[in-house]
Trainee: 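Before we start, here is the structure in question, set down as structure tokens.
Below, chains carry the letters A, B, ... as their sequence lines are ordered, and counting in each starts from 1. Only heavy atoms go into these numbers, but all of them, side chains included; no hydrogens, no water, no symmetry mates.
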Amino acid sequence: MANEYFTRMGDGQRIYMTKENIMEDLEAGCADASELGKIPELSGDELDKLAEIVMLPDVFVSVAPGMEVPLTQDGGTIRIDADQGNSGTGIPASRMIGCMMHERAFCQDTIELGHIDYSFKPVKPIISHECQAMEILQQNTIVPLFYGAMPNMGLYYTPDGPYPNPADLMRNFKIKEAQESMENSAEHLIRDMVWIMQKMMSSGTDGVNFDTTAAAGDGDFYATLHAAEILRKEFPEMYIEVGMAGESILGMHGEMEYDGKIIAGLWPHEQAPLVAKAGANVFGPVCNTNTSKSFAWNLGRAVTFTKAAVIQSPIPCHVNMGMGVGGVPMLETPPIDAVTRANKAMVEVAGVDGI
Amino acid sequence: MTNEEMFKELSDAVITCKNDVVTAAVEKARSEGIPAPEIIEKGLAAGMNEVGIRFERGKLFLPHVMMAAGAMEAGVALLKADMPADSASKKLGVIVNGTVEGDVHDIGKSIVSTMLQSAGFIVHDIGRDVPLQKFIDKIKETNADMVGMSALMTTTLPAQKDVIEMLKELGMRDNIKVMVGGAPATEAWAEKISADCYAENASEAVIKAKELLL
Amino acid sequence: MPIAHVLASGMKGLRTGGDLVARMQFSKNMRLKEAKEYVAKKVGVDVIELTDEHVMREVREELNIGVLTSVTKSAKGIAAKMNIEKVLDIKINSCEKFRDQLP
């Protein structure tokens with residue numbers, strides 16, 4: 001009987017697979033990404049390397065000395081105290097403690113201040129509080145400290161916002177009205193994000209992390225690109241990171257453009273040049289984990305997409321590797337064996353500039 | 001032209017998302033004597049399936065899906081008189097869809113509603129942050145065949161199980177199919193809470209709904 | 001999970017030179033190799049030593065750019081960042097804001 005290796009499903013379940021099955025799944029995941037994105041498949045050597053990583057016997061794996069990369073954060077510092085529906089540990093601790101813990105106890109290369117309702121729109125009424133927090137944190141920390149939030153354009157639709165819900169309009173075949181609503185929401189979102197980050201820059205932030213960009217589709221991405229462009233012009237030295245929400249830009253509007261390109265349907269390697277054009281410094285590609293497929297399938301797919309993005313991107317790529325993305329299983333506490341294998345694969349095969 | 005070729009032409013017409021192309025193809029199929037139910041099922045509906053797949057693959061976008069659905073409806077309207085008496089306006093089933101209480105995420109759920117509607121289901125989208133009793137009330141009001149529940153947070157996910165328990169207590173569980181979805185939901189979760197199915201994305205929701213209701 | 005990532009492939013921030021490399025990626029759009037080479041040259045080490053605690057602890061102390069443990073009198077916060085500005089030849093926003101407040 002062939003040797004079976006301990007591995008995982010995309011939902012974190014423990015399974016055992018033979019080397020042949022692992023290779024099959026790596027190839028299938030890779031082929032899926034290649035077909036979708038019209039990008040090169042990984043080479044035979046690269047797939048062999050991924051298989052080796054999957055089949056390693058240890059719980060925890062890591063890269064070789066000298067291969068290390070900088071890590072950036074998506075909202076992590078607020079997770080010590082708080083929870084926004086997932087991931088919080090509920091330890092009573094201020095955001096100051098969260099940030100300093102991440103800097104000094106967890107050895108993060110960069111950290112981020114965010115608020116518990118981690119979107120831009122809710123920041124406006126509490127901007128003074130955020131500015132105060134940023135000022136005091138900058139006095140006490142050394143590593144780059146960003147202000148992070150999600151564009152989350154959905155908050156601009158009724159009932160949360162002033163514009164009609166485009167999905168409701170679409171279902172009633174009011175396509176033009178739906179598109180108009182998204183266009184208006186995008187303009188409002190740009191204004192808000194720029195205003196908030198102007199205030200945060202005057203409070204000393206190193207820059208901004210636009211987290212889960214395009215979660216609400218192409219309008220959301222459009223707004224982020226334009227906000228980045230405006231901020232870059234006003235603040236030439238600002239650190240700007242644009243991290244995505246999904247692997248493909250959801251075509252809610254379908255006709256929004258940036259730099260002469262329709263942005264709906266773009267894959268990571270196509271998103272990266274636009275993000276760079278908008279003036280961002282770092283791009284965070286995403287590849288979504290399919291919970292019904294094996295870790296190997298998801299890894300092959302994620303590495304294929306990410307490698308293409310790294311090659312096409314004019315700026316550093318920090319691949320997103322939270323729960324359910326970047327090959328990491330979709331589970332609030334992803335198994336460390338899978339997390340570290342995906343991490344090693346992204347550094348050694350996809351060639352990322354950071355995570 | 002063979003029937004298969006005609007079905008392909010109908011399917012391709014739907015994918016163009018254009019009313020006039022679809023209606024022209026339907027007229028052509030009629031003139032070739034193809035029965036109306038086959039024109040719909042093997043031609044137009046097959047085209048909508050392909051539209052759903054292309055949407056999921058990022059080749060078509062939501063407005064295209066709605067335009068294709070509108071074009072298909074225009075095609076189906078032409079066939080009304082040719083349909084058997086009891087199926088004149090038959091939809092595939094009635095589905096109540098919403099995001100559970102405490103969860104304000106909307107986009108994914110709305111896309112699922114849109115795709116189910118364009119596939120031919122009657123969809124009652126009851127919104128987000130929906131009190132659990134409202135799912136029950138709407139199911140009763142609409143005599144729904146299926147309920148879809150979305151949750152995007154691990155803290156709200158258990159509400160999907162709660163609704164299933166409520167259905168059991170009210171003796172309604174055997175008469176309704178339950179579909180669950182959302183980022184923290186998985187196949188294993190659906191099995192654990194005795195849901196009928198889990199859908200990874202909007203296209204899969206359509207496939208699973210058809211499998212369970214047709 | 002952040003700790004898992006840090007241990008698997010992180011440059012470990014103040015413990016070694018990770019924050020410095022991150023700064024070069026963000027302030028000058030440097031890709032990984034270029035950023036590491038730039039920082040290594042500026043602080044006077046080989047690239048592989050950038051993640052070597054034995055080397056970087058001393059480097060950070062000598063340059064007074066902040067160390068992981070809270071050693072009294074070693075530069076922290078704005079002071080450390082102002083020293084980082086000089087070492088890396090970059091501008092840091094919080095330092096600019098600090099200077100703006102001085103007479």
Trainee: Look at atom NZ of B:K18 and say whether more than 12 heavy atoms of other residues, nucleotides or ligands are closer to it than 6.0 Å.
Mentor: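 Incorrect, the count does not exceed 12.
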
Trainee: Which atom pair, heavy atoms only, marks the closest approach of B:Q160 to B:I193?
Mentor: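 Minimum heavy-atom contact is CB-CD1, 4.0 Å.
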
Trainee: What part of A:L250 lies closer than 4.5 angstrom to a heavy atom of chain B: side chain, backbone, both or neither?
Mentor: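 It is the side chain, since no backbone atom gets that close.
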
Trainee: Which pair of non-hydrogen atoms, one from A:N298 and one from A:K293, has the smallest distance, and what is that distance?
Mentor: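 Of all heavy-atom pairs spanning A:N298 and A:K293, the closest is ND2-O, 3.4 Å.
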
Trainee: Select one option (side chain, backbone, both, neither) describing which atoms of B:E204 are under 4.5 Å from chain A's heavy atoms.
Mentor: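 Neither; nothing under 4.5 Å.
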
Trainee: Run the ring pair (Phe, Tyr, Trp, His ring centres under 6.0 Å) test against A:F120 and tell me which residues pass, sequence neighbours left out.
Mentor: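 Partners of A:F120 by the ring pair (Phe, Tyr, Trp, His ring centres under 6.0 Å) criterion, ordered by chain and then number, come out as A:F210.
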
Trainee: Can you tell which part of A:I175 gets under 4.5 Å to a heavy atom of chain B, answering side chain, backbone, both or neither?
Mentor: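 Answer is side chain: those atoms of A:I175 sit under 4.5 Å from chain B.
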
Trainee: Please name the residue in the list B:V163, B:I176, B:I126 that meets the side-chain contact (heavy atoms from CB on, under 4.5 Å) test with B:I139.
Mentor: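 Among B:V163, B:I176, B:I126, the one meeting side-chain contact (heavy atoms from CB on, under 4.5 Å) with B:I139 is B:I176.
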
Trainee: Which atoms of A:N290 are under 4.5 Å from chain B, going by heavy atoms: the side chain, the backbone, both sets, or neither?
Mentor: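 Both parts, backbone and side chain.
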
Trainee: Need one label for A:E247: side chain, backbone, both or neither, based on atoms under 4.5 Å from any heavy atom in chain B.
Mentor: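 Neither the backbone nor the side chain of A:E247 comes within 4.5 Å of chain B.
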
Trainee: Please enumerate all residues that pass side chain to side chain donor-acceptor pair (under 3.5 Å) together with A:E183, with sequence neighbours excluded.
Mentor: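 Applying side chain to side chain donor-acceptor pair (under 3.5 Å) to A:E183 gives A:H253.
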
Trainee: Mind checking side chain to side chain contact (heavy atoms under 4.5 Å, CB included) for A:D192 and listing every partner two or more places apart, or none if nothing turns up?
Mentor: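 Here the qualifying residues are A:K124, A:Y156, A:H188.
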
Trainee: Heavy-atom pairs under 4.5 Å with chain B are the metric here; pick the option from A:A167, A:A264, A:G324 that has the most.
Mentor: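 Looking at each option in turn, the highest pair count goes to A:A264.
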
Trainee: Have B:D137 and B:Q133 got a donor and an acceptor in their side chains that come within less than 3.5 Å?
Mentor: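 Checked: B:D137/B:Q133 side chains pair up, N/O donor to acceptor below 3.5 Å.
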
Trainee: Between chain A and each of B:A185, B:P184, B:G58, count heavy-atom pairs under 4.5 Å; write down the option with the most.
Mentor: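 Heavy-atom pairs under 4.5 Å are most numerous for B:G58.
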
Trainee: Using side-chain contact (heavy atoms from CB on, under 4.5 Å) as the criterion, point out the one residue from B:T16, B:I15, B:V14 that pairs with B:D12.
Mentor: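 So the option named by the test is B:I15.
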
Trainee: Sort out for me which of A:I249, A:D160, A:D11 touches chain B most, counting heavy-atom pairs under 4.5 Å.
Mentor: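 Of the options given, most contacts go to A:D160.
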
Trainee: Spell out the residues in residues 98-119 of chain B that have some non-hydrogen atom less than 4.5 Å away from a non-hydrogen atom of chain A, in order of number; otherwise answer 'none'.
Mentor: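 Under the 4.5 Å heavy-atom cut-off, B:D106, B:I107, B:S110, B:I111, B:S113, B:T114, B:Q117 qualify.
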
Trainee: With respect to chain B, which residue among A:E255, A:E35, A:M252 yields the maximal number of heavy-atom pairs within a distance under 4.5 Å?
Mentor: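 When all of A:E255, A:E35, A:M252 are compared, A:M252 has the most.
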
Trainee: Can you name the nearest heavy-atom pair linking B:I39 to B:A29, along with the distance?
Mentor: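 What the structure gives for the nearest pair is CD1-CB, 3.7 Å.
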
Trainee: Verify ring-ring contact (aromatic ring centres under 6.0 Å, His included) between A:F305 and A:W267, making sure each step is shown before the conclusion.
Mentor: CA-CA 8 Å; A:F305 267 129; A:W267 297 96; 5.2 Å; yes

Trainee: Side chain, backbone, both or neither: which part of B:A183 has a non-hydrogen atom closer than 4.5 Å to chain A?
Mentor: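 It is both, since atoms from each part get that close.
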
